[in-house]
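As structure tokens, the structure follows; a few thoughts come after it.
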Number of protein chains: 2
Amino acid sequence: MKGRRADDIADQLEALILDGTFAEGAHLDEVQLAARFEVSRTPVREALQRLAQSGLVEQLPRRGAFVRQPGPVELIEMFEAMAELEAVCARLAATRISDAALADLHDANARCRTAMETGDTDRYYRENERFHAIIYRQAGNGWLQQECQRLHRRLQPFRRMQLRLRGRLRQSMAEHEAVVAALDAGDGAAAADALRAHVAVQGEKFHRLIASLKSAAE
Amino acid sequence: MKGRRADDIADQLEALILDGTFAEGAHLDEVQLAARFEVSRTPVREALQRLAQSGLVEQLPRRGAFVRQPGPVELIEMFEAMAELEAVCARLAATRISDAALADLHDANARCRTAMETGDTDRYYRENERFHAIIYRQAGNGWLQQECQRLHRRLQPFRRMQLRLRGRLRQSMAEHEAVVAALDAGDGAAAADALRAHVAVQGEKFHRLIASLKSAAE
DNA sequence: AATTCACGGATTGTATACAAAAATGTCGAC
DNA sequence: GTCGACATTTTTGTATACAATCCGTGAATT
């Protein structure tokens, strides 16, 4: 037995929610979950509280925890906020990035390119993660970095979805290169604009995807 | 007995920490706190976890919870991030703010002015809160608004401290008016710059305050 | 004398038991 | 047949009991 089962349960629950096992609005019963994970209610409760603070579930006093997937409006807001946060990172990074990190960025981008050329979306996704993580870090502000990673992680499933749209990979690649060029030149404003656009277009794509799904359902 | 004692305890604990009752690095013993609040360990534990996620305490597995006040470096980072977040809000608000909200902003600023003229720092502080809250809200992005309020709240004690510095009120007032003027004109870039500077200078002041305290202690 | 290992105390993590409140189902009145 | 009050049941919130781990102390060994 290791120290904290509650953390493991929180992770597993998060996976199950993102996985779709627990649908939007589902009531997460403490005793059922306790039985499922073969623990008592205590660690389950702690896990639920953690998920509540990270936004995946909503806890109503004396009523329980419910799965709370963000709606279209909230998602648009989160994508917009992500775009703005990344823009800030880019602007700060433009003057603070180290040569080594800049080399890493070029490397990540090169890997993205090969992934794109082979049409390997999964690999593109991973290298893209690295690309953005480097920029977060090179902003030179730990708090900002943390927040960016948190939001990035939260948007992960929705971001992934629209990477498979036709031509998105190539477009994304071109945007990356604009960002790198701006950082190379040390042009903060340009880097901010390029990265903001790069992320904002993801929100746009997602928006359209939602709209098309909706109209198809009618 | 009402529904959730854990939340009350979390609030009280937060107050006690910010109050200085529990100093930096202090070990928060669960049984002691349980005795102090006349409850069992269970709600105390839940409160501690909440505070851990909000960053006021650090929880080490199997070792307990310790008061974790942000150090100088972290504070500088938080002030910088606050400046950037508020700048984003200002830029977005410049094109989205409603006429009613703009009127509110003018009103809040007017109240700030009278508070400044009477030298009432407490009142200035309250009206200043309102000023910033309006801008957060008028950014038209709920997620961003929430984050800004969260960080603002976290910086509250440190911000308050340096409002009493000589001449700061008048300077702050002038900065406010630059922000309002830019928003009046619908100039997003100018509003962003003005608000960023307004918040960044607070970080600067704080930095100097820390430095002076340090050198005085030697 | 320094180091290592063992053991006891203290403290966290988990399980279970109990209390209180809300959801649900039943019965009756209109 | 529907609405509403009351009892039952289910579920959350809290208290307590138990288990596992960490820390310090101290003695034994090199």
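Within every chain, numbering begins at 1; the chains are lettered A, B, ... in the order of the sequence lines, protein sequences first and strands thereafter.
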Task: Distance in angstrom units between B:Arg4 CZ and C:dA22 P, rounded - done: 13 Å
Task: Pairing residues for B:Glu129 by the side chain to side chain donor-acceptor pair (under 3.5 Å) criterion, not counting sequence neighbours - done: B:Tyr125, B:His152
Task: A:Glu30 CD - C:dA22 P separation (whole Å) - done: 16 Å
- [ ] May I have all residue pairs that pass side chain to side chain donor-acceptor pair (under 3.5 Å) and include part of residues 75-94 of chain B, sequence neighbours excluded?
- [x] A:Glu84-B:Arg91, A:Arg91-B:Glu84, A:Arg96-B:Glu80, A:Asn141-B:Glu80, B:Glu84-B:Arg196, B:Glu86-B:His132, B:Glu86-B:Tyr136
- [ ] Taking side-chain contact (heavy atoms from CB on, under 4.5 Å) as the test, write out the residues that go with A:Arg154, two or more places apart.
- [x] A:Leu56, A:Pro70, A:Met78
Task: Separation of atom CZ in B:Arg62 from atom P in D:dA19, rounded to whole Å - done: 13 Å
Task: Integer-rounded Å distance: C:dG13 P and A:Asp8 CG - done: 13 Å
So which protein nitrogen or oxygen atoms get under 3.5 Å of nucleotides 7-10 of chain C's nitrogens or oxygens?
none

- [ ] Using the test side-chain contact (heavy atoms from CB on, under 4.5 Å), find all partners of A:Gln32 that sit at least two apart in sequence or belong to another chain.
- [x] A:Asp29
- [ ] Send over the distance from B:Asp7 CG to D:dT14 C1', rounded to a whole Å.
- [x] 14 Å
TODO: Taking atom types as modelled, find out whether A:Gln49 and B:Arg50 have a side-chain donor-acceptor pair closer than 3.5 angstrom.
DONE: no
Open item on the list: For B:His27, give me all partners under ring pair (Phe, Tyr, Trp, His ring centres under 6.0 Å), at least two apart in sequence or on another chain.
Closed with: B:Phe66
- [ ] In whole angstrom, give the distance that lies between atom CZ of A:Arg50 and atom P of C:dG13.
- [x] 12 Å
TODO: Check whether more than 12 heavy atoms from other residues, nucleotides or ligands sit under 6.0 Å from atom CG of B:Asp99, and answer yes or no.
DONE: no
TODO: Quick one: list whatever passes ring pair (Phe, Tyr, Trp, His ring centres under 6.0 Å) with B:Phe131, sequence neighbours left out.
DONE: B:His176
Open item on the list: Counting only heavy atoms and a strict 4.0 angstrom limit, can you tell me which residues of residues 39-49 of chain B come near DNA chain D?
Closed with: B:Val39, B:Ser40, B:Arg41, B:Thr42, B:Pro43
Task: Which residues share a side chain to side chain donor-acceptor pair (under 3.5 Å) with B:Arg45, sequence neighbours left out - done: A:Glu46, B:Glu30
Task: Inter-end axis angle, the helix from C:dA1-D:dT30 to C:dC30-D:dG1, with every axis fitted to five base pairs (rounded, 10 degrees) - done: 10°
- [ ] Tell me whether the OP1 or OP2 atom of C:dA22 has a side-chain N or O from A:His27 closer than 4.0 Å.
- [x] no
Task: Rounded distance in Å - CZ (A:Arg5) to P (D:dT21) - done: 10 Å
- [ ] Check ring pair (Phe, Tyr, Trp, His ring centres under 6.0 Å) between B:Phe22 and all other residues, then give those that pass, not counting sequence neighbours.
- [x] none
Open item on the list: In this structure, how many angstroms lie between the P atom of D:dA20 and the CZ atom of B:Arg63, rounded?
Closed with: 21 Å
- [ ] Mind checking ring pair (Phe, Tyr, Trp, His ring centres under 6.0 Å) for A:Phe206 and listing every partner two or more places apart, or none if nothing turns up?
- [x] A:Phe79, A:Phe158
